[in-house]
Colleague: 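Got a structure for you, questions after.
All values reported here derive from a predicted model rather than from experimental measurement.
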Amino acid sequence: MKIFSKYLIKRSFLISIFIFIIFAILDTVFNFISELENLSFDYTFLYALKHALTSMPHRSIEFLEGACLLGFMVALGISHQEGNLNVLRSNGLSPIKIILISSLGSMIVVLSILAMDEIAFREMHINSKVEKDYLLDQATQEQSQVQWIKQNDYLLSYTNVIDDLILNPRLIKVDSNIDKVKYFKSSKSAKIEENGITFDQSLLVEGNPSSDEISNYEIFSFPLVASIPFSYIDSLSFNRISSYRSLMNESSLDEDILFRAHLDKFFYKKIFYPFSVLAIMIFFGSFIFGSLRDSTPGSRIVFAVFGGFLYRIFQDLSISISISYNTPVLIGVIAPAIILLILSFFSYRKI
């Protein structure tokens, strides 16, 4: 029995990782084609190809759930046609145990990819995006929405913030005694430090600063909330999302409460992502058992993939309802998976 179990795990692992790689390659091809529309004098063909390749690992997370579900179902379907599942059942293994054993291969893929994304893939994606924004700066800066922050005698404008990097910063120092601008500092980017910002080597200083003020570093406490655009929440690391959630706990503003709800959404989805994938596998895995005369394994696989797609929609709807009615986002995240597990209980009792 150990041989059959290892075979099931190995088969689901190999098929899942193979399908995941195919999905990632296809997404990279389409992403590269779309990047060709942005080609400019600085953003060349090779840079577009580099951006598509370095963004591939993080972008492919979108297909991880579907790829592993498909790989899991294909592995079960092949094993069912070969009669391996009947052999396992005849030797005392229940259907739920067979499903859990077979799901181990796909779950190894899920956990490994998620861990690698947190360690390296996300950082690669951010660095690639920063480089792209650098190269496209001249063509897109005029179309970017400039944002402003006022702090004591300083005014800071910028076009975007990616992780801890400010793009196109322009710092204005005002002399409050005479109500006039003292000097300007600008560069292509600046790094957010603990108690200030550090401009890059493209720093330009205009006006009449003192010799001590002509440096890349400037004391300026960049607001944490301003560094979290909605469009980049899904690219934040787990630790950063946790720190932002703690910060939002201290605010009672409606805008901050809504923003915290969206942070909670991505926080809990990251935590319970493996749980959701496992719940889907357990539920749709029950459909693989049964007579091959009733339906082919192929039709069951297609049904499972379609069901996984509907699950994603239902989970997003559940989370949106939780946010709209100001109920705990955690309930919206885990409710669909719990419902699937309850339905699975009745499904396996009928087998």
Side-chain angles (χ1 to χ4, degrees), residues 1-23 63-115 271-315 333-351:
M1 288 303 99
K2 288 184 178 180
I3 296 177
F4 278 105
S5 298
K6 290 180 180 180
Y7 188 64
L8 284 176
I9 295 172
K10 180 180 178 180
R11 172 174 277 176
S12 63
F13 173 82
L14 292 177
I15 296 178
S16 295
I17 197 68
F18 174 76
I19 295 175
F20 176 71
I21 292 173
I22 294 297
F23 283 178
F63 313 104
L64 181 60
E65 179 182 287
C68 289
L69 174 61
L70 181 57
F72 166 76
M73 293 300 296
V74 169
L76 277 180
I78 295 174
S79 297
H80 188 41
Q81 283 187 317
E82 293 175 347
N84 294 336
L85 301 188
N86 293 329
V87 173
L88 291 172
R89 291 188 66 183
S90 63
N91 280 272
L93 280 183
S94 63
I96 184 62
K97 287 184 178 180
I98 295 174
I99 293 299
L100 290 176
I101 291 172
S102 183
S103 68
L104 286 177
S106 297
M107 289 305 299
I108 291 173
V109 176
V110 171
L111 295 175
S112 300
I113 298 298
L114 289 178
I271 291 180
F272 291 100
Y273 189 91
F275 174 69
S276 296
V277 176
L278 182 60
I280 296 173
M281 290 181 183
I282 291 175
F283 176 74
F284 289 106
S286 63
F287 290 88
I288 209 69
F289 295 96
S291 174
L292 292 174
R293 297 177 181 177
D294 298 334
S295 60
T296 63
S299 62
R300 299 172 189 177
I301 292 170
V302 172
F303 176 75
V305 173
F306 180 71
F309 174 73
L310 292 180
Y311 173 85
R312 175 69 70 88
I313 295 177
F314 181 63
Q315 186 184 52
V333 173
I334 66 174
I338 292 177
I339 292 174
L340 277 189
L341 291 178
I342 294 174
L343 294 175
S344 299
F345 174 76
F346 293 104
S347 296
Y348 283 100
R349 289 189 64 180
K350 296 179 181 179
I351 299 176

Colleague: Test side chain to side chain contact (heavy atoms under 4.5 Å, CB included) on Phe72 and Ile99 and set out the steps.
Modeller: CA-CA 9 Å; Phe72 166 76; Ile99 293 299; 3.8 Å; yes

Colleague: Indicate yes or no: at least one non-hydrogen side-chain atom of Ile288 is less than 4.5 angstrom from one of Met73.
Modeller: yes

Colleague: Less than 4.5 Å apart, any side-chain heavy atom of Phe284 and any of Ser344?
Modeller: no

Colleague: Looking at side-chain heavy atoms only, is the closest gap between Ile9 and Ser102 below 4.5 Å?
Modeller: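 Ile9 vs Ser102: side chains apart.
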
Colleague: Show your working on side chain to side chain contact (heavy atoms under 4.5 Å, CB included) between Tyr273 and Val277 and close with a plain yes or no.
Modeller: CA-CA 6 Å; Tyr273 189 91; Val277 176; 3.8 Å; yes

Colleague: Give a yes or no on whether the ring-centroid distance for Phe303 and Phe287 is below 6.0 angstrom.
Modeller: yes

Colleague: Under a 3.5 Å distance rule, please check whether Tyr348 uses its side chain to pair with a backbone N or O of Ile282 as donor and acceptor.
Modeller: yes

Colleague: Which heavy atom of Leu278 sits nearest a heavy atom of Ser103, and at what distance?
Modeller: CD1-OG, 3.7 Å

Colleague: Any chance you could lay out the side chain to side chain contact (heavy atoms under 4.5 Å, CB included) test for Val109 and Leu64, step after step, and finish with the verdict?
Modeller: CA-CA 9 Å; Val109 176; Leu64 181 60; 4.2 Å; yes

Colleague: What heavy-atom pair brings Met281 and Ser106 nearest, and what distance separates the two atoms?
Modeller: CE-CB, 3.2 Å

Colleague: Just so I know, are the side chains of Leu111 and Pro274 near enough to count as touching, which here means a heavy-atom distance under 4.5 Å?
Modeller: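 Side-chain contact under 4.5 Å: yes.
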
Colleague: Report yes if some heavy atom in the side chain of Arg300 is under 4.5 Å from a heavy atom in the side chain of His80; otherwise report no.
Modeller: yes

Colleague: Under a 3.5 Å distance rule, please check whether Ser79 uses its side chain to pair with a backbone N or O of Leu76 as donor and acceptor.
Modeller: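 No; judged by distance alone, with no hydrogens or angles, the pair does not exist.
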
Colleague: Would you say that Phe63 contacts Ile19 through its side chain, given a criterion of any heavy-atom pair below 4.5 Å between the two side chains?
Modeller: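 A side-chain contact under 4.5 Å is absent here.
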
Colleague: Check step by step if side chain to side chain contact (heavy atoms under 4.5 Å, CB included) holds for Phe275 and Leu341.
Modeller: CA-CA 11 Å; Phe275 174 69; Leu341 291 178; 3.7 Å; yes

Colleague: Show me the pairs that pass salt bridge (Lys or Arg N to Asp or Glu O under 4.0 Å) and involve residues 73-86, at least two apart or across chains.
Modeller: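 Counting only pairs at least two positions apart or across chains, the salt bridge (Lys or Arg N to Asp or Glu O under 4.0 Å) contacts touching residues 73-86 are Arg11-Glu82.
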
Colleague: Is there a side-chain contact between Leu104 and Phe13 in this structure, where contact means two heavy atoms from C-beta onward sitting under 4.5 Å apart?
Modeller: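 Counting from C-beta outward, Leu104 and Phe13 never come under 4.5 Å.
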
Colleague: With the side chain counted from C-beta on, respond yes when Leu8 and Leu88 share a heavy-atom pair under 4.5 Å apart, and no when they do not.
Modeller: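 A side-chain contact exists here, since the closest heavy-atom pair is under 4.5 Å.
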
